[in-house]
Amino acid sequence: MWSSTQSAVAVVASVLRVFQVHAPVLTPDAVAQRTLLQDDGASAGPLVPHTRGCVVTETLMIHSFGNSYGHPYVGPYTPPQCDFNRVTLNLTVTAAGKQFDRLAIAYFGDIEIWRTSTAEPTPNGIVWTYVKDVSYLLSLFTCPQTLIFDLGNLINENYTSPFNVTLQATFFTTDDTEKRADLIIPVAAERSTSNKSSIRDDRRDRVSSTLILPRNIERAVVTVAATGQMAEEFWYSNVLSSNVDTFGTDSLLGYSPFREIQLLIDGNLAGVVWPFPVIFTGGIVRGLWRPIVGIDTFDIREDEIDITPWLPLLCDGESHSLELRVVGIDDDGNGSGLLSDSVGSYWVLAGKIFVWLDSVGSITTGSWPLSDASVCTISMSSTVGTTSNGTNSTLSYDVNVDRQLYISSEVQTSQGTKVAVWQQYLTYSNEGNISDFGDVQVTRQNTFGRAISSEGYSRTFSYPLFVNSTLVQDKSADTLSIAADLRRAQAIEINGRSLFPTGLESFEWPSTEDARGLGDRSRFNGSRLTTSQNGSAAYFSHGNTSISPGTTQQDFSLYGIQSSALGSGPASLIELYHRRVLAVNDTLVRDEVSFPTQDEKVV
Ligand SMILES: *[C@@H]1O[C@H](CO)[C@@H](O)[C@H](O)[C@H]1NC(C)=O
Ligand SMILES: *[C@@H]1O[C@H](CO)[C@@H](O)[C@H](O)[C@H]1NC(C)=O
Ligand SMILES: *[C@@H]1O[C@H](CO)[C@@H](O)[C@H](O)[C@H]1NC(C)=O
Ligand SMILES: *[C@@H]1O[C@H](CO)[C@@H](O)[C@H](O)[C@H]1NC(C)=O
Ligand SMILES: *[C@@H]1O[C@H](CO)[C@@H](O)[C@H](O)[C@H]1NC(C)=O
Ligand SMILES: *[C@@H]1O[C@H](CO)[C@@H](O)[C@H](O)[C@H]1NC(C)=O
Ligand SMILES: *[C@@H]1O[C@H](CO)[C@@H](O)[C@H](O)[C@H]1NC(C)=O
Ligand SMILES: *[C@@H]1O[C@H](CO)[C@@H](O)[C@H](O)[C@H]1NC(C)=O
Ligand SMILES: *[C@@H]1O[C@H](CO)[C@@H](O)[C@H](O)[C@H]1NC(C)=O
Ligand SMILES: *[C@@H]1O[C@H](CO)[C@@H](O)[C@H](O)[C@H]1NC(C)=O
Ligand SMILES: *[C@@H]1O[C@H](CO)[C@@H](O)[C@H](O)[C@H]1NC(C)=O
Ligand SMILES: *[C@@H]1O[C@H](CO)[C@@H](O)[C@H](O)[C@H]1NC(C)=O
């Protein structure tokens with residue numbers, strides 16, 4: 001299985017299997033099937049599964065979400081009575097009938113553990129399974145918890161389908177020497193004691209916590225989950241606020257197509273996230289997303305911000321506030337704009353603080369800040385075109401944002417003194433053309449960023465997006481048609497210690513020597529994931545019936561990065577996993593998977 005190229009043509013089954021293309025996840029099966037590679041590239045034969053600890057699968061929840069707004073599933077979680085250091089969750093969902101895509105969030109108490117969204121069902125039914133590595137949440141899984149699974153859904157005469165959800169956890173053990181965070185603390189309104197999910201109803205573009213942290217912290221990272229909904233679902237196609245009334249009564253959505261999520265510590269900017277444009281399964285045109293869903297749709301990626309430079313402040317024993325807020329741009333209509341105080345309604349925001357503790361009794365101190373500098377430059381322009389009688393018919397705009405952020409301090413722990421640094425460099429551009437009095441919209445967006453932490457982590461990303469959609473509506477005949485072309489990609493390169501799994505877990509098992517305790521030697525210095533999706537689809541509706549034919553292609557590659565020994569000279573990229581899929585009119589017509597390095601060796 002590891003060494004062959006699979007090629008499959010799906011038969012039209014009564015129940016459609018939908019899926020998200022993603023990196024392989026390390027599971028007990030993968031561990032058992034793994035071919036052990038030694039440093040010279042020779043195979044040492046199949047690895048005997050590890051016998052330490054347990055391999056246990058437990059069902060955490062079986063629940064049907066019907067009319068479930070404000071009624072999350074609530075139930076207890078009890079850890080298995082054995083040792084484990086890895087956990088995967090298997091979310092399996094079935095649905096049949098008609099339904100929108102819905103956002104769903106699983107929590108342990110107030111702490112979000114999985115943000116996902118649902119696929120839109122067909123009358124004959126769909127099913128999907130997504131397995132997620134949640135080993136980075138280990139300290140939560142080793143304690144009893146209250147599981148809250150919030151999937152708000154609505155059933156009525158037109159929208160008929162509940163989502164039947166099974167959540168399983170598999171616990172197992174590897175010779176993994178990675179030290180997981182000791183504590184995980186939510187940055188969210190505390191609502192779990194009333195059995196509600198932690199999503200706030202009031203001001204949804206901000207969440208905050210005021211807390212007193214332990215005084216012996218050695219390293220801390222904040223993770224950020226941010227999802228635009230309703231008026232903010234397609235934020236990347238919003239226009240300048242000064243242009244929302246360009247086409248008369250049907251107001252366009254404003255605050256510009258730029259969004260930034262800011263992390264503030266006691267009101268000071270500590271880091272930012274420039275979001276990936278997640279597109280849900282009903283997004284733009286649903287025919288683009290069946291059975292291949294959009295990038296990250298079932299596993300909405302969180303970003304990380306290292307706040308180690310803030311430890312001299314945060315470990316002073318006093319209370320401090322951590323706040324997440326979403327901003328866009330307010331412009332004056334003359335080409336000048338500033339980051340806005342708010343955005344449209346609404347965003348679902350959540351943060352977690354991952355804390356690694358120093359020895360008991362020690363107190364982290366230091367000098368803060370050595371440097372705390374952030375520069376953000378914004379430029380934009382827009383042009384309205386009119387017909388000969390003076391009616392606005394087109395709108396063209398562009399928005400460019402650059403940000404640099406540099407925060408450093410001197411942190412003293414029981415290990416000594418270190419200079420802690422968090423740096424970010426980000427560039428954004430969005431160019432949009434709206435024509436035909438608002439019915440045709442072309443969006444071309446590029447987001448690029450690099451973050452570097454002195455704790456041995458760096459991440460570079462690029463999120464290009466192109467969407468062209470054309471709408472034709474005849475209100476008197478009750479018909480609507482939308483045609484859309486889409487191209488987009490996600491490229492993420494991570495070097496060093498990432499909090500989240502990178503996909504390399506399945507490929508860098510310690511060699512037998514390491515398993516005998518000779519150290520934690522990994523084959524790679526970093527990972528590079530690149531995936532692209534392109535497609536064309538249409539949507540036609542008449543009254544209560546609709547069809548949405550389309551074609552979508554996706555390519556996915558995972559590479560391991562090997563730096564030269566001294567870190568100088570070019571790094572080599574080794575492709576470890578490749579998958580290419582093609583769907584036409586709700587049918588998977590091509591699915592090719594390969595493991596290039598294993599293929600070479602075996603051939
Ligand atoms: C995931 O869970 C479903 C439903 O319980 C099960 O049928 C499926 O085999 C599981 N898949 C994996 C990969 O664990
Ligand atoms: C979902 O669960 C409900 C209630 O148990 C059941 O009636 C329905 O058939 C299930 N739907 C699917 C698609 O499995
Ligand atoms: C169901 O759809 C019909 C036709 O579009 C509409 O008239 C009716 O209001 C809808 N019902 C609900 C509950 O939304
Ligand atoms: C929360 O749900 C649990 C389990 O259903 C129940 O035992 C408990 O009483 C509920 N708490 C509140 C405050 O409603
Ligand atoms: C034309 O567009 C401009 C700029 O967006 C807007 O201020 C103006 O109100 C629009 N004119 C009409 C008649 O809608
Ligand atoms: C925009 O520019 C016009 C023409 O120069 C000027 O009259 C107007 O006051 C400016 N508006 C703002 C908000 O600066
Ligand atoms: C202006 O021209 C457009 C077509 O070019 C037409 O649809 C619109 O009704 C006209 N508006 C007025 C006020 O005459
Ligand atoms: C918008 O229109 C301008 C002028 O026609 C063109 O140069 C530009 O490439 C267009 N941008 C997009 C995103 O289509
Ligand atoms: C957008 O789609 C329309 C309709 O198919 C087409 O005429 C137009 O050329 C496309 N624009 C771009 C920039 O691809
Ligand atoms: C996706 O892009 C490739 C390469 O440009 C092209 O060959 C293919 O036809 C496109 N597929 C779709 C569905 O647009
Ligand atoms: C997909 O469906 C559309 C509309 O039913 C049809 O025109 C098109 O030929 C189909 N494409 C393929 C490859 O079957
Ligand atoms: C990359 O990893 C190798 C082997 O673990 C190590 O010797 C080397 O120093 C690392 N290079 C960098 C730049 O971290």
Side-chain angles (χ1 to χ4, degrees), residues 1 9-13 15-20 22-33 55-64 73 86-95 106 114 116 122 125-134 149 163-172 246-250 285-292 298-299 384-394 435-440 472-475 481-485 506 535-542 545-553 581-590 593:
M1 165 192 179
V9 176
V11 284
V12 182
V15 173
L16 183 67
R17 183 166 287 277
V18 296
F19 62 97
Q20 181 190 317
H22 62 92
V25 172
L26 182 62
T27 61
D29 284 351
V31 172
Q33 284 168 3
V55 179
V56 181
T57 294
E58 287 183 1
T59 298
L60 306 187
M61 174 186 84
I62 297 178
H63 192 73
S64 180
Y73 165 89
R86 300 200 77 97
V87 186
T88 57
L89 292 177
N90 167 347
L91 182 74
T92 295
V93 184
T94 58
W114 191 342
T116 183
T122 61
I126 59 168
V127 60
W128 74 92
T129 287
Y130 191 96
V131 176
K132 178 179 168 73
D133 183 348
V134 287
F149 198 106
F163 289 102
N164 293 359
V165 184
T166 301
L167 183 68
Q168 294 179 335
T170 297
F171 306 87
F172 61 110
T246 303
F247 303 112
T249 47
D250 282 344
V285 171
R286 71 157 196 251
L288 289 167
W289 313 118
R290 189 185 276 163
I292 306 167
F298 289 154
D299 185 9
V384 175
T386 57
T387 57
S388 54
N389 66 12
T391 307
N392 291 343
S393 61
T394 65
S435 52
D436 276 45
F437 309 95
D439 287 344
V440 177
V472 180
Q473 188 162 23
D474 183 340
K475 283 187 174 145
S481 88
I482 308 172
D485 290 323
S506 300
S536 293
Y539 172 85
F540 306 101
S541 82
H542 181 215
T545 60
S546 63
I547 58 164
S548 190
T551 302
T552 298
Q553 176 178 326
V581 292
L582 174 67
V584 179
N585 288 354
D586 295 1
T587 304
L588 185 64
V589 296
R590 193 163 82 191
V593 181

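When a residue number appears, it is its place in the shown sequence, counting from 1. Whatever order the structure lists them in is the order used to number ligands and atoms, beginning at 1.
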#### Entry: Any protein heavy atom nearer than 4.0 Å to atom 5 (O) of ligand 1
yes
### Task
Would you tell me which option among Val93, Ile62, Thr129, Asn90 has the nearest heavy-atom contact to atom 8 (C) of ligand 1?
Asn90
### Candidate with minimal heavy-atom separation from atom 10 (C) of ligand 7, of Thr391, Thr387, Asn389
Asn389
Would you find a donor on one side and an acceptor on the other, under 3.5 Å apart, between the side chain of [X] and the backbone of [Y]?
| X | Y | value |
| --- | --- | --- |
| Thr394 | Ser435 | no |
| Asn392 | Thr246 | yes |
| Thr552 | Gly535 | no |

#### Entry: Audit row: His22, Tyr130, ring-ring contact (aromatic ring centres under 6.0 Å, His included) steps and yes/no
CA-CA 9 Å; His22 62 92; Tyr130 191 96; 4.4 Å; yes
What protein heavy atom is closest to [atom], reported as residue, atom name and distance in Å?
| atom | value |
| --- | --- |
| atom 7 (O) of ligand 7 | Phe437 CZ, 4.9 Å |
| atom 3 (C) of ligand 1 | Thr92 OG1, 3.3 Å |
| atom 12 (C) of ligand 11 | Asn585 ND2, 3.5 Å |
| atom 13 (C) of ligand 11 | Val584 CG1, 3.4 Å |

### Task
Say whether Ser548 and Arg290, considering side chains only, have a donor N or O and an acceptor N or O under 3.5 Å apart.
no
### Query
Does a donor on one side chain and an acceptor on the other come within less than 3.5 Å for Thr170 and Thr57?
yes
### Task
Identify, by atom number and element, the atoms of ligand 1 in contact range of Gln168, meaning under 4.0 Å from any of its heavy atoms.
1 (C), 2 (O), 5 (O)
